[in-house]
Number of protein chains: 2
Amino acid sequence: MLKFIIENNENYQPGLSIDCVIFGFHDNQLKVLLIKVPHSEKWSLPGGFIPIDQDIDTAAVTVLNERTGVEGVFLRQFAAFGKIKRNDDHFGKEVLKYLDIDPEKGKWLTRRFVTIGYYALVDFLKIVPVRTSSSEIIEWIDHKEVPELILDHKEILDKALDTLRTELNLMPVGYNLLPEKFTMPELQKLYETILDKKLDRRNFMRKITNIGILNKLDEKKNNVAHKAPNLYSFDKEKYDEVLKNGLNQGW
Amino acid sequence: MLKFIIENNENYQPGLSIDCVIFGFHDNQLKVLLIKVPHSEKWSLPGGFIPIDQDIDTAAVTVLNERTGVEGVFLRQFAAFGKIKRNDDHFGKEVLKYLDIDPEKGKWLTRRFVTIGYYALVDFLKIVPVRTSSSEIIEWIDHKEVPELILDHKEILDKALDTLRTELNLMPVGYNLLPEKFTMPELQKLYETILDKKLDRRNFMRKITNIGILNKLDEKKNNVAHKAPNLYSFDKEKYDEVLKNGLNQGW
DNA sequence: GTTCAAATGTGTTATTATGACGCAATGTAC
DNA sequence: GTACATTGCGTCATAATAACACATTTGAAC
């Protein structure tokens, strides 16, 4: 696939790439979808090149799908990365040889690539990463245990998380991260995990309830230790409304 | 200049450009720095191409300086724009002919360009736009009277203003927009102009004072009608601290 | 100089949001 | 049953916010 792209580079936007930071939530941990590159010990964000006949926002969806099989995800652009040396030595001679790429055709790869970062929050259980290349390994990795990444992917990941934390204050989060029915402690854990800090249980409940995006269901979670917590669902209509208008108006 | 760039495109990042949205404040109006393109009736954001040997953030500064002469400005990246048809017909045959560019060498220009948007807030009075090309006109234009712009520049400008308004709730604004000594009504007008809405005078004063970034000077403005307002200056140290940490923590 | 209008400086008050807790109810483990 | 962790629903003090009152200052009109 990479070989195909590289040798048909006329069909791709030159000097530009896309990298996706896909966050999932499972087991009270924030997970990131990463790819193990075959010819290196390092891992990588799912990324790729931009077809010349696609909007970049569309290309981001395409790229993510091609690398991971993930579909139906709302990707949010958060930044462009373009330091001069960001991809120095990434497609060196050995790599090109490994990939069986004609050095002449691979020449354009040795120049600086600017990459556009996209991030998304997805339901860990609903998203089943598919290995699209037999030589790649795709895995959900706990964001606190992220191994060494290629290029500036660590910086990209950090920036994505930073953006996510900021946006948590401006919009509601959870719709694509939790099952349809969820408990208050589960929602709180999500927030705590993203923010990496403890929140007061009772104050959290009050604040999140006041936003008005939750439906309290007449149902309790069962098979749990201790007191059974009530179940909630998102009121999608109100949720989307708040998403559009933002949480707090500030000035 | 453009001809030089185009015919030496090996020195520039292919398929990528930068556009700058420079906001100024004067006469209680939000101004935008625009350039009148010679071979069109439309106006344009100051933009340009990215030298292959510069970080994109550095290139943004370079581009702005080359097009307008503006120096020493902190540019903030806010989005990338990459719809397929965004620059269709922009460098058509007539334009290339007008610019006296070899059609073969100008071919790369007809492909889709992705542009990275940067915005800045600058002191209207300190920034004196310099005409760097005799055929271009550079002007501060009231943002409410922006004429038709080329390509998707209107969309870029709107997005910049949107970002600015959001960031107004996350960080203090004014340091580069007001003279060293300013009055409370002046600062309020700035906020009102950016947000395009009226704020209560007394509540504004309390809130902005509580942030702790202002020094109340032992001096009043003179030569004004009615009661002379007190003068303030920014406490740069505290201002920068708040810039770094943000205003409200939310969760 | 007196008076007026417009703007500034400094409040008050009611309402709401926030942070830090208390305590009873629920359900499991033993 | 008792012990214990967890949930649900409170309280209270404090801070932030919105709406508004009133006296003061100043240039200008008379």
Side-chain angles (χ1 to χ4, degrees), chain A residues 27-28 165 168-172 174 178-179 181-193 195-233 242 245-251, chain B residues 27-28 168-172 174 178-179 181-193 195 197-233 242 245-251:
Chain A
D27 224 4
N28 290 338
R165 283 177 180 156
L168 211 59
N169 294 323
L170 304 174
M171 57 169 79
L178 295 174
K181 298 172 181 182
F182 52 89
T183 67
M184 197 54 76
E186 280 167 355
L187 183 58
Q188 186 180 335
K189 279 278 161 49
L190 169 62
Y191 271 73
E192 287 181 341
T193 305
L195 295 169
D196 197 25
K197 85 175 162 196
K198 287 250 165 278
L199 301 173
D200 182 272
R201 193 172 55 85
R202 297 148 287 191
N203 293 335
F204 175 81
M205 184 167 178
R206 187 181 40 195
K207 191 164 172 177
I208 203 93
T209 302
N210 282 341
I211 296 175
I213 53 171
L214 297 182
N215 291 321
K216 185 173 184 175
L217 304 177
D218 193 17
E219 199 179 344
K220 285 173 192 293
K221 185 148 186 167
N222 46 17
N223 296 326
V224 287
H226 316 298
K227 180 169 179 177
N230 210 309
L231 286 170
Y232 291 82
S233 69
V242 177
N245 300 330
L247 279 175
N248 37 9
Q249 304 299 13
W251 299 94
Chain B
D27 223 3
N28 290 338
L168 210 59
N169 294 322
L170 305 173
M171 58 168 75
L178 295 173
K181 298 173 180 180
F182 53 90
T183 67
M184 197 53 77
E186 280 167 355
L187 183 57
Q188 185 179 336
K189 279 277 161 49
L190 169 62
Y191 273 72
E192 290 181 337
T193 304
L195 295 169
K197 89 177 162 195
K198 287 251 165 280
L199 300 173
D200 182 273
R201 194 171 56 85
R202 295 147 289 186
N203 293 336
F204 175 82
M205 184 169 180
R206 180 156 34 94
K207 190 164 174 179
I208 204 93
T209 302
N210 282 342
I211 297 175
I213 53 171
L214 297 182
N215 291 322
K216 184 171 182 176
L217 304 177
D218 195 19
E219 196 176 344
K220 286 173 193 291
K221 185 147 184 168
N222 46 17
N223 296 325
V224 286
H226 316 298
K227 180 169 179 178
N230 211 308
L231 285 170
Y232 290 81
S233 69
V242 177
N245 300 330
L247 277 177
N248 37 6
Q249 304 298 16
W251 300 95

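Treat the numbers as computed from the prediction; the structure is a model and nothing was measured. All chains are named by letter (A, B, ...) in the order of the sequence lines, taking the proteins before the strands, and each is independently numbered beginning at 1.
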Would you indicate which nucleotide in dA19(D), dT26(D), dG27(C) comes nearest to any side-chain atom of N203(B)? dA19(D)

Contact check, side chains of I208(A) and Y191(A), non-hydrogen atoms, under 4.5 Å: yes

Take the protein atom CG of N210(A) and the nucleotide atom P of dA17(C), then report the distance between them rounded to whole Å. 6 Å

Can you tell me how far P of dT18(C) sits from CG of L199(A), to the nearest Å? 13 Å

Could you check whether K197(B) makes a cation-pi contact with W251(A), meaning its NZ or CZ is under 6.0 Å from the centre of the six-membered ring and within 45° of the ring axis? no

How do L231(A) and H226(B) order along DNA chain D: which one's closest nucleotide is nearer the 5' end? L231(A)

Can you tell me how far P of dG8(D) sits from CZ of F204(A), to the nearest Å? 13 Å

Out of dA5(C), dC22(D), dA18(D), which has the shortest distance to the side chain of R201(B)? dC22(D)

Measure CD/E186(A) against P/dT6(D) and give the value in whole Å, please. 14 Å

Quick check: do V242(A) and M171(A) have side-chain heavy atoms less than 4.5 Å from each other? no

Between dG8(D) atom C1' and I208(A) atom CD1, what is the distance in whole Å? 17 Å

Mind checking K221(B) for me? I need base, sugar-phosphate or nothing, with any heavy atom below 4.0 Å counting as a touch. nothing

Kindly say whether, by distance alone, the side chain of K227(A) makes a donor-acceptor pair under 3.5 Å with the base of dT6(D)? no

Rounded to whole Å, please give me the gap between CD in Q188(A) and P in dG8(D). 11 Å

K207(B) side chain near dT17(D) phosphate (N/O to OP1/OP2, under 4.0 Å): yes

From dG10(D), dT18(C), dT8(C), pick the nucleotide closest to the side chain of R206(A)? dT18(C)

Over how many whole Å does the gap from N223(B) atom CG to dA7(C) atom C1' extend? 16 Å

Among dT10(C), dT8(C), dG22(C), which nucleotide has an atom closest to any side-chain atom of R202(A)? dG22(C)

Nucleotide dA17(C), atom C1' - distance to CG of N248(B) in whole Å: 13 Å

Just wondering, do L190(B) and E186(B) contact through their side chains at under 4.5 Å, heavy atoms? no

K220(B) side chain, from C-beta outward: closest of dA20(C), dT26(D), dG8(D): dT26(D)

Taking the minimum atom-to-atom distance to the side chain of N230(B), which one of dT18(C), dG9(C), dC9(D) wins? dG9(C)

Could you check which of dG8(D), dC21(C), dG9(C) has an atom nearest any side-chain atom of D200(A)? dC21(C)

Do the side chains of M184(B) and L214(B) get nearer than 4.5 Å, heavy atoms only? yes

